[in-house]
Protein chains: 2
Amino acid sequence: MLSDRQRLILNAIVDNYIHSAEPVGSRTISKKDGIGFSSATIRNEMADLEELGYLEQPHTSAGRVPSTKGYRFYVDNLIQPHLLNDLELGKLKQLFAERIHHFEQVIEYTAQILSHVTNYTAIVLGPEIFEHRLKHIQIVPLNEEQAVAIVVTNTGRVENKLIDLPKGVRPQEIEKLVNILNTKLSDVPLWQLRQRLYQEIAGEMRRHVEQYEEMLHILEDSLTREEKERVYLRGATKIMNQPEFRDVDKVKDILELLERNDQLIHLFGAPAEGLTVRIGQENQLDAIKQCSIITTSYSLGGKPVGMVGILGPTRMEYSKVITVLNYLAEGLSQMLTSEFEK
Amino acid sequence: MLSDRQRLILNAIVDNYIHSAEPVGSRTISKKDGIGFSSATIRNEMADLEELGYLEQPHTSAGRVPSTKGYRFYVDNLIQPHLLNDLELGKLKQLFAERIHHFEQVIEYTAQILSHVTNYTAIVLGPEIFEHRLKHIQIVPLNEEQAVAIVVTNTGRVENKLIDLPKGVRPQEIEKLVNILNTKLSDVPLWQLRQRLYQEIAGEMRRHVEQYEEMLHILEDSLTREEKERVYLRGATKIMNQPEFRDVDKVKDILELLERNDQLIHLFGAPAEGLTVRIGQENQLDAIKQCSIITTSYSLGGKPVGMVGILGPTRMEYSKVITVLNYLAEGLSQMLTSEFEK
DNA sequence: ATTTAGCACTCGATACATCTGAGTGCTAAC
DNA sequence: GTTAGCACTCAGATGTATCGAGTGCTAAAT
């Protein structure tokens, strides 16, 4: 266990390094307010902290830099609450003042503001499908062969998919089918659709609809398709402002990862409720072992439905980012709940 | 006017520089096949070409580099047709083999392949709205206050927007309204909707629908909203592979520009039919004055409806990119036309 | 009148030596 | 237990010499 003085010094070193991006020397620390020790004493403590694995030395005659373990201890035990200034608070409140007109807009705007306030890369994962319930199904024929299947949910989300019609199907048949679907499946959660389709609809369809078998397959396909996760990314280039990423090769791997929309979701790791911090080496993906990711979930009516996260260098303003994320997730949850819980 | 020999030499220099990324010296050129002159002669010609503004010298004892004017002459007069290899052709044909199931998918896949084959950044602009005709309108109430308005076009595109309902409107009224709209507006091009709404629907509505005035405003708002252009970007980080962009500061401006979805469309400049090449300084945006953009349009039934483009360094493989773009735009046009012209 | 060989010259790149100073570890005194 | 003092280390900055690719110009060759 670390002594009080060791904690004090570790805290000072991390704080300093986060803002200066330069290895921190013993003299710098000893001159700080609140530290009443000479540089020699600090040096001894630093040597101990290094031996314990909390600090690292880039080379013999340089100052110390926090290790992943050091950051971890800092985040878990030392971090002090951050006070947001009026400008930042204003930006965040702006988001909640918006009237929700489109789900995606809110998410996009959230990512935008997060990135802007923190100066790091923001990732927002849209509300998960399992809270969406079917409001309405519509099938609009385009011509003899094709139609568009449209699914509207109680949350106002609209999914659509082009489908191929069986040969010679008559418009009346489609209409009949849609009526059955809307009567039977209204208010069913989307993830149950496939199941319900077979359990309750199949029999009904056989009785009333021609070519029911083909239609059934097509329906199954269009109603139960993989929901493409809606991930929004903002401020990917912000990482380039960090002095430790002034090298194209270092930045390239990260940006290539961020460019791949399908990979983004993996940055969140296992979906977890509440705030999670993953620091440097703790990250699975090689490309971001020099970065930290802080994520948290937001909820609708108490159930977590989506996530927001910040990607930055390991030398990140943890305190500020954590405050911002907590504040934002809280606000977002309230906003969603009051909007859709009625 | 340039002499034949000057053209030959300029061509050789540009070709060489495109592949080596190093200033080209007189000796390099004189040793090339097809050039029967000594380095001294080449030097004299180079001096002339520089004076005429086709070449530049980074410093006194360095070789020559093409200027924007030099590239321009090369593209306009010297370029030779490029032959695609089997691998590249295979990749491109793969695209056309796909069955169209979703417009956006095709566009996304196009960008993907373009970037992969050329190793530069690809930008694809989705088909413009003016060829889309109304197929079906639907208004799905979500609760007392809100509804989703859905517009389906003959091309299978689905637009949707959350709308606020006037207080106390009855479901029957909405149904009546939707019926009127579908009867009167079927097959009307989307861009005419607003106009037709007032000319033909307003009178009908007043007779049959309560609260017609509020509904009219809401409809107008939801039917005529700005179509958000669908721009797809792929391979933004490819620019980092170029030796002249190994500097974070140079890359940053470009990537920041590409990150802004709303700005992307400006990269295409004025929408033009056919192939356009904009080289270095010719570009309006400062961030890409070290880059070239090649764009072309693709069409549906003879009318241009969208664009594809490639962004790369001024030192770009113009010949190859032009060939690829032409080939792809041609194939895409055929594909779209055969799909939607029936 | 062109072309080319020859040569002096330029200047970025590279290598190497030197200097500087921030920071360390250790020891001995406080 | 703390600190002053000091020798030591080493990355980074600065300075100097050398190298060589490439040039421009002149005079000879074609």
Side-chain angles (χ1 to χ4, degrees), chain A residues 1-10 12-17 19-67 70 243-244 246-247 250, chain B residues 2-10 12-17 19-67 70 243-244 246-247:
Chain A
M1 209 57 272
L2 297 186
S3 71
D4 280 356
R5 196 168 70 185
Q6 283 174 323
R7 298 161 75 105
L8 187 69
I9 291 171
L10 180 56
I13 292 174
V14 177
D15 273 343
N16 194 287
Y17 184 62
H19 290 105
S20 73
E22 298 285 330
V24 186
S26 54
R27 233 179 88 79
T28 317
I29 298 300
S30 84
K31 276 190 302 185
K32 277 205 168 182
D33 287 349
I35 314 256
F37 304 97
S38 74
S39 61
T41 310
I42 306 290
R43 273 204 290 288
N44 290 329
E45 294 285 27
M46 277 174 152
D48 290 350
L49 284 169
E50 182 170 358
E51 206 165 330
L52 291 168
Y54 296 98
L55 296 178
E56 282 164 1
Q57 221 173 355
H59 57 265
T60 328
S61 69
R64 301 306 208 289
V65 162
S67 66
E244 59 265 60
R246 306 233 25 104
D247 175 22
K250 277 191 193 157
Chain B
L2 296 187
S3 71
D4 281 355
R5 195 168 70 185
Q6 284 174 321
R7 298 160 75 105
L8 187 71
I9 291 171
L10 180 56
I13 293 174
V14 176
D15 273 343
N16 194 286
Y17 184 63
H19 291 105
S20 73
E22 300 284 330
V24 185
S26 53
R27 233 178 89 79
T28 316
I29 298 299
S30 85
K31 276 191 301 186
K32 277 206 167 182
D33 288 349
I35 313 258
F37 304 97
S38 74
S39 61
T41 309
I42 306 291
R43 272 204 292 287
N44 289 328
E45 293 285 28
M46 277 175 153
D48 290 350
L49 284 169
E50 182 169 358
E51 207 164 329
L52 291 167
Y54 295 97
L55 296 178
E56 282 165 0
Q57 220 173 353
H59 56 265
T60 327
S61 68
R64 301 306 207 289
V65 161
S67 64
E244 59 265 59
R246 308 236 19 106
D247 175 22

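Reminder, nothing fancy here: chain letters follow the sequence lines and each chain counts from 1. Below, each value reflects all heavy atoms present in this structure, side chains not excepted, and no hydrogens, waters or symmetry copies.
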>> Testing the basics here: between A:Gly70 and A:Leu10, what is the closest heavy-atom pair and its distance to 0.1 Å?
In response: O-CD2, 4.3 Å
>> Could you walk me through whether B:Leu2 and B:Leu49 satisfy the side-chain contact (heavy atoms from CB on, under 4.5 Å) test, starting with their C-alpha distance in whole Å, then the side-chain angles of each, then the deciding distance to 0.1 Å, before giving a yes or no?
In response: CA-CA 9 Å; B:Leu2 296 187; B:Leu49 284 169; 4.1 Å; yes
> Separation of A:Tyr17 atom OH from C:dG23 atom P, in whole Å?
Replying inline: 14 Å
> How long is the line joining CD of B:Glu22 and P of D:dA21, in whole Å?
Replying inline: 13 Å
>> For a quick check of understanding: with a heavy-atom distance under 4.0 Å over all strands, which category does B:Ser39 fall into, base, sugar-phosphate or nothing?
In response: nothing
>> In whole Å, I'd like the distance from the CD1 atom of B:Ile29 to the P atom of C:dT4.
In response: 15 Å
>> Tell me whether B:Arg7 at atom CZ has more than 12 heavy atoms from other residues, nucleotides or ligands lying less than 6.0 Å away.
In response: yes
> More 5' along DNA chain C: A:Ala40 or A:Thr28, using each one's nearest nucleotide?
Replying inline: A:Thr28
Under 3.5 Å, which donor-acceptor pairs do the side chains of residues 53-62 of chain A form with other protein atoms, sequence neighbours left out?
unit_1, atom_1, unit_2, atom_2, d
A:Gln57, NE2, A:Thr60, O, 2.9
A:Gln57, NE2, A:Ala62, O, 3.2

>> Using whole Å, what does the distance between atom C1' of nucleotide D:dA4 and atom CD1 of A:Ile42 come to?
In response: 15 Å
>> Within the 4.5 Å heavy-atom criterion, are A:Ile29 and A:Ser26 side-chain neighbours or not?
In response: no
>> Ignoring hydrogens and geometry beyond distance, is the side chain of B:Arg43 in donor-acceptor contact with the base of C:dG6 at under 3.5 Å?
In response: yes
> Given the rule in the side-chain contact (heavy atoms from CB on, under 4.5 Å) test, do A:Ile9 and A:Arg5 qualify, once you have shown the distances and angles that lead to the verdict?
Replying inline: CA-CA 6 Å; A:Ile9 291 171; A:Arg5 196 168 70 185; 4.1 Å; yes
> Out of curiosity, A:Glu22 CD to A:Glu244 CD, how far, rounded to the nearest 0.5 Å?
Replying inline: 10.0 Å
> What's the shortest heavy-atom distance between A:Pro243 and A:Ala21, and which atoms?
Replying inline: CG-CB, 3.6 Å
>> Any side-chain N or O of B:Arg64 below 4.0 angstrom from OP1/OP2 of D:dT23?
In response: yes
>> Short of 4.0 Å, heavy atom to strand atom, which residues of residues 1-9 of chain A count as contacting DNA chain D?
In response: A:Arg5
> For A:Thr41 and D:dT3, is the shortest distance between a side-chain N/O and OP1 or OP2 below 4.0 Å?
Replying inline: yes
>> Could you measure the distance from the OG atom of B:Ser20 to the CD1 atom of B:Ile13? Nearest 0.5 Å is fine.
In response: 11.0 Å
>> What is the distance, to the nearest angstrom, from the CZ atom on A:Arg27 to the P atom on D:dA4?
In response: 12 Å
>> Just to be sure I understand the geometry, which residues of residues 51-63 of chain B put a non-hydrogen atom under 4.0 Å away from DNA chain D?
In response: B:Gln57, B:Thr60, B:Ser61, B:Ala62, B:Gly63
